[in-house]
Amino acid sequence: MDNKLNNLILVLNCGSSSIKFAILDPKNEKKYLSGIVECLFLSETYIKWCCLEKKYYKKIGSNMNHEDALNFIIDEVLLKQKNIFNNIIGIGHRVVHGGNEIKKSSLINDYVITCIKKYICFAPLHNPANLIGIQTVIKKYPILSDKNVAVFDTSFYQNMPESSFLYAIPYNFYKKYQIRRYGAHGISHKYVSYKISVILNKKFDSLNLITCHLGNGCSIAAICNGVCVDTSMGLTPLEGLVMGTRSGDIDPAIIFFMYKQLNMSIDEIEMILNKKSGLLGLSGVSSDFRYFEKQYHLTEKAKRSVQVFCHRLSKYIASYMSLMENRLDAVIFTGGIGENVSLIRELVFSKLFLLGFKINSKLNCSTVGGKSGLITESSSHPVFVIATDEELAIAKETIKIINKK
Ligand code: ADP
């Protein structure tokens, strides 16, 4: 065990059906413990974690909710590593939506909690889970209650111009109800952007980038002179690219059709667009990209789904080129799909040849499994794969805020 173990941060990322957790040192970037509880509310909830290079896996119950799972994580995993646990000095929570009010990472207090509650309407699958994470930890660790920090996915988008955050609906909906594009995945987009500024040895505020976060949720951001100028996720994380189970962009009239002609309830429609669409809806089989990678050349449904996914993504990249003000420093692919699926990168950039992209097949195929690097020919606009690390990004924000106090 490292004797210099101190100033550690616990990071919690409570999603709609999973909880990711990690204890790490934001300074030397070492992760001492990390894991995930998956399949909350399903018949078999399980936990996987890694501590000091040893890996563990356990089924922990059925139909577990967030609070039960958090109690398990804390009592059965974190507290069993007293040496690590006793050195936690702060807790960072990923929070998806801070609405119009919270523009940066914030120490959690009553006002912050009220805002997270207020914006549940814009992130109905995420903000409630984020709140449970915060409340459970504060209840269990009152001693660290003033050291909890909320790191918002929406912060990264606060300087987007009106022309990209406004919807073309009556302006009053923005003024009165704050209906606008807020974006999500900001923590990841910001992290990979900083990483590329180091790789390219360029100042962050001089960079023009297109960053693609492709995981279960997928989003793309256009960054000009270090400022995010557009992104694909909107009022909620439902808009934009094709995702694992979310539809991304659709004609809003489809909702009227489902409601009026098919007599579906609003709740049913919401569930279909969030949980039964995207890759899962198109294939009828899976939302897991490993399935599509294996089946792409074998089954029509896998091919069809991947083609819709790539069509939408290449269309967005092409349109974001128009926001780059004469220079593109890099396109970045990240997230579970972006980092691992060379097929997607090949298919997407072959559609963008005319715009100056050419993938190097060898580099593309070898840059998988957590590796980062350039995957294009020297004649091409540069495309990089950069492994994201939202936990590390949250830990760095957390220590910054705690130290400011
Ligand atoms: P989340 O949005 O939950 O953080 P991830 O970034 O972990 O998601 O990405 C999950 C997606 O990435 C899933 O579709 C998964 O199948 C895919 N993925 C992860 N690893 C691989 C891999 N080695 N090969 C292919 N797909 C992968």
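Counting starts at 1 for both ligands and their atoms, following the listed order.
Applying the salt bridge (Lys or Arg N to Asp or Glu O under 4.0 Å) test to Arg304 and every residue at least two apart in sequence or in another chain returns nothing.
With salt bridges taken as basic N to acidic carboxylate O contacts below 4.0 Å, none links Glu67 and Lys140.
Side-chain contact between Leu78 and Ile23 is present, with at least one heavy-atom pair separated by less than 4.5 Å.
Screening residues 204-230 for ring pair (Phe, Tyr, Trp, His ring centres under 6.0 Å) gives His185-His213, Tyr194-Phe204 as the qualifying pairs, with residues at least two apart or on separate chains.
Note on ring orientation: taking the six-membered ring where Trp is involved, the planes of Phe85 and Tyr141 are tilted (angle from 30° to 60°).
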Pair up each side-chain donor or acceptor in residues 348-373 with any protein partner under 3.5 Å, not counting sequence neighbours, and list the distances.
from: Ser350; atom 1: OG; to: Glu346; atom 2: O; distance (Å): 3.3
from: Ser350; atom 1: OG; to: Leu347; atom 2: O; distance (Å): 2.9
from: Asn360; atom 1: OD1; to: Lys362; atom 2: N; distance (Å): 3.0
from: Asn360; atom 1: OD1; to: Leu363; atom 2: N; distance (Å): 3.0
from: Asn364; atom 1: OD1; to: Arg345; atom 2: NE; distance (Å): 2.7
from: Asn364; atom 1: OD1; to: Arg345; atom 2: NH2; distance (Å): 3.2
from: Asn364; atom 1: ND2; to: Ser342; atom 2: O; distance (Å): 3.0
from: Ser366; atom 1: OG; to: Lys362; atom 2: O; distance (Å): 3.0
from: Ser366; atom 1: OG; to: Leu363; atom 2: O; distance (Å): 3.2
from: Thr367; atom 1: OG1; to: Leu363; atom 2: O; distance (Å): 2.6
from: Lys371; atom 1: NZ; to: Ser366; atom 2: O; distance (Å): 3.2
from: Ser372; atom 1: OG; to: Ala387; atom 2: N; distance (Å): 3.0

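Sorted by chain and number, the residues within 4.0 Å of ligand 1 by heavy atom are Lys20, Gly215, Asn216, Gly217, Ser287, Asp288, Phe289, Arg290, Glu293, Gly335, Gly336, Ile337, Asn340, Val341.
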